[in-house]
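As structure tokens, the structure follows; a few thoughts come after it.
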Amino acid sequence: MPEKTYDPNAIELKWAARWEDPALYQASADATRPKYYVLEMLPYPSGRLHMGHVRNYSIGDALARYMWMRGYNVLHPMGWDAFGLPAENAALKNNRQPREWTLSNIEHMKKQMKRLGFSYDWAREVATCEPEYYRWNQWFFLKMLEKDLAYRKDSLVNWCPECATVLANEQVVEGCCWRHEQTPVEQRALEQWFLRTTAYSDALLDEIKQLEAGWPERVLTMQRNWIGRSEGSEVDFEVEGGGTLRVFTTRIDTIFGATCVILAPEHPMAAALVRAEDKARLKSIIDDPGRKDPKQLDKEGFFTGHYAINPFNGRMVPIWIGNFVLMGYGTGTIMAVPAHDERDFEFCTKYGIEVRPVVRPVDDILPLVVGSAFPDEGIVESSGPFSGLPSAEARRQMNAMAAEKGFGKSAITYRLKDWGISRQRYWGTPIPVVHCKACGIVPVPESELPVRLPLDVQITGAGDSPLASHAGFVNTPCPRCQAPARRETDTMDTFIDSSWYFYRYCDNTNSGAPFESSRIAYWFPIDQYIGGVEHAILHLIYSRFWTKVMRDLGLISNAEPARNLFTQGMVLKDGAKMSKSLGNLVDPDEIVARFGADTCRLYTLFAAPPEKDMDWNDSSVEGQSRFLGRVYRFVTRNVDRRGVAGEPGAADRRALRKLHQTLKKITGDFDGRWHFNTSIAALMELVNELYLVEGEMTGSSMGSVLNTLVLMLAPLAPYMAEELWEELGHQGPVFRQAWPVFDEDLAREDEAEVVVQINGKVRARILAAHGTPGEILESMALEDAKVAPQLEGRQVMKVIVVPGKLVNIVIR
RNA sequence: GCCCGAGUGGCGAAACCGGCAGACGCAACGGACUUAAAAUCCGUUUCCCGGCAACGGGAGUGUGGGUUCAAGUCCCACCUCGGGCACCA
């Protein structure tokens, strides 16, 4: 049969139509087969896929298809992280209703995904903006409220006076509003909803152990840092004239060197302690936008006029306000020990506060004059009964004493804070509570869920959430006393949506519960989660938190959502992240239109190993298209040669040998490092070799070569593989066929090539039968025509033989 | 400042356990096919030196040292780039 010309669009459109069959990628629980849950992070439906998505999903799709071929029961779902601010911005800018805008984006992106040939079970699709989904956000919120894991408190938020609304941290640019670049953002106290993530600090930290085998070390380190567990002590300093200030310190052993106490400016007692004439100064420190950026900040502060008493030695120390003290960490109050802390040293020397050394280096004396802080551990001195003790022992005894006398204790603090989830926005999950004058905050009864987001709202971009001015939404009878009341108008942070969506995939049509536990028990944990490293902290910590809460609610039994995590690299163009503003976007649609989806996918896998950043190169893409054309022509022109009789010869052996060497390589890549770039290189080598021996091959090897080649291609270039599988006369789908079996004997070279080195430099190569003993190799090497002359008159000191590989002759 | 990761041809990269550096692809060049071009097929391509040539010699994986018969790979110091964290008391 004459070869056919490769026309990617004709082939791919034909199969894309057939792949509309929802049964094709459908997963259902099956106790007879091992399950495999492969998950890629769901996209925000911004309107179009970008190359980062294509890369992420090409990796996941290759894996899903491979696991199918290995006989696993594969779950491979997809959904939409569909709530969020861009929908409101689009509403403002283009006068489109957020839901309508979001759904039309989803429609387009889904079309793109289908065109790219990703093997998703669309029957399990989830869009988080639909009431069928977000009602369970609300349900979980009520459960957390019951368990005291959700609560309300005053907190400081970023407030833009111009917009008259709260800003997310990401919307504060250099201390100013992103929309009003001249307007400094103020800190305002506002009542907000929080989830008690800190109740799980230790679980989140300790259960990282379960992830060490399957998550990148880098991500786990980032999470450990984020949780930031720190062991120390809390000590109460009595304020002269009434009250107590509690400080947190990790270095209680230096407490005899404390020469002042410093409060964060936001500290609740700060306003009461500062003199009337300093009130304005205090406010200006609080609102100073420079405090967001510690690098730029000069340490500043002032004396309050009050003193506190160090309980260890009874000494009076001045109480200061300091702009570098964080309210959000520890107790918001520190004891300054300038002799042993660099920051305290900087602050105290600036304001002429006493520096009193109390720790000496183990092999040195206590200095009289201090030129810089000595922050290391050492031997405690000038510290009453504790003098002479090493730092660690001093801490132990001081903690014990503080506890005994009741003015302190050992304590642990965390950097991790409770999760503030209130957003004064429209396009998110309504928080299901009602504010009643008589009853206070009343949860919406479960039976009344979902609290639906009204669709007929005016989005102005200023002031409160648009929900606040929607009378039909706001006005509601109190669920408890039926008196007129107001609904909560804040919505939930969208990170809630993505914290548990992968559970919903397992049972996405359930209208009586978020999911049925037995389904989770079958599919969980996720066997492989794939996404960008930019989610290492927020999404992946919230997801872990949510999983632990659900476990403690008795809904699931797994402690962690995902056994394995893979973080793929970014897609760059000209060394920079692709972005609209840089004008270096590459549109997947254009690539698909020009070369087809197989080429596009193959290139994202070929250009770099998946965990590394890859730089997009237009002309390099063509190489993948060329390769697919070579495969296509080879297979189509040789289909009919499969049955042709003939004595198998050297060409057949060569073809089969390379075939099985390639199979070994690719199987190893899938089971190991996922370096698909080398898998594809191996396939190219195979095809190159086949072109060379093609003319001499007989029907005896052609059949197995064609079949195995197409099967190996199936996870990487699914359209091509499916088309050729049909050309070969088989019933599809190709990704449901068994992965080919590796044959060691066919893969083996006839003879081993052994490198002969003299003093480490390659001088000759010899061929020897496999298993040739070392002594024989050594004498073959020494007698070799190229080697022997170079040994004339030299003394052979040593010969190192690595059987089957190398002989190194050391001469003098 | 601290903690990771990386640095290999003109370019993207490979070398997985210390054993032939540069597989595979891009680009470039040469040849075949063609009236011509594209496409395709077959070659060459790390650099330097010698040779008409097959070939031979030398250098070479950011820099400097070290370990080893043997180092891109291991150890020490440094440089550059990327990422994360950063008054966390």
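It should be emphasised that the depicted structure is a prediction, and the values quoted were computed from it without experimental measurement. Quick note on labels: first sequence line is chain A, next is B, and so on, each numbered from 1.
With a glycosidic angle further than 90° from 0, B:C16 counts as anti.
Rounded to an integer number of Å, the gap from A:K612 NZ to B:G83 P is 15 Å.
Base-pairing analysis of RNA chain B finds the following stems of at least three consecutive Watson-Crick or G-U pairs, with both pairing distances under 3.5 Å: B:1-7 with B:79-85, B:10-12 with B:24-26, B:28-32 with B:40-44, B:46-50 with B:55-59, B:62-66 with B:74-78.
Both tests pass for A:K299 against the ring of A:F324: distance under 6.0 Å to the centre and angle within 45° of the axis.
Atom C1' of B:G64 sits at a distance of 33 Å from the matching atom of B:G56, rounded to the whole Å.
Heavy-atom distances under 4.0 Å link RNA chain B to A:K798, A:I800, A:V802, A:K805, A:L806, A:N808, A:V810 of residues 796-810 of chain A, given in residue order.
Not less than 6.0 angstrom separates the ring centroid of A:W419 from the ring centroid of A:F495. Taking the centre of each ring, A:F407 and A:F312 come in below the 6.0 Å mark.
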Criterion side-chain contact (heavy atoms from CB on, under 4.5 Å) on A:F670 and A:F676, from CA distance to verdict: CA-CA 8 Å; A:F670 270 107; A:F676 303 125; 3.4 Å; yes
A:W674 and A:Q568: CA distance, side-chain angles, deciding distance, side-chain contact (heavy atoms from CB on, under 4.5 Å) verdict: CA-CA 11 Å; A:W674 292 6; A:Q568 96 269 4; over 6 Å; no
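Counting only distance, with no hydrogens or angles, the side chain of A:N310 and the backbone of A:R315 share no donor-acceptor pair below 3.5 Å.
The salt bridge (charged side-chain N to carboxylate O under 4.0 Å, His left out) test with A:E3 is passed by exactly one of A:R637, A:R641, A:R630: A:R637.
Counted within 6.0 Å of NZ on A:K350, heavy atoms from surrounding residues, nucleotides or ligands total more than 12; the atom is thus considered enclosed.
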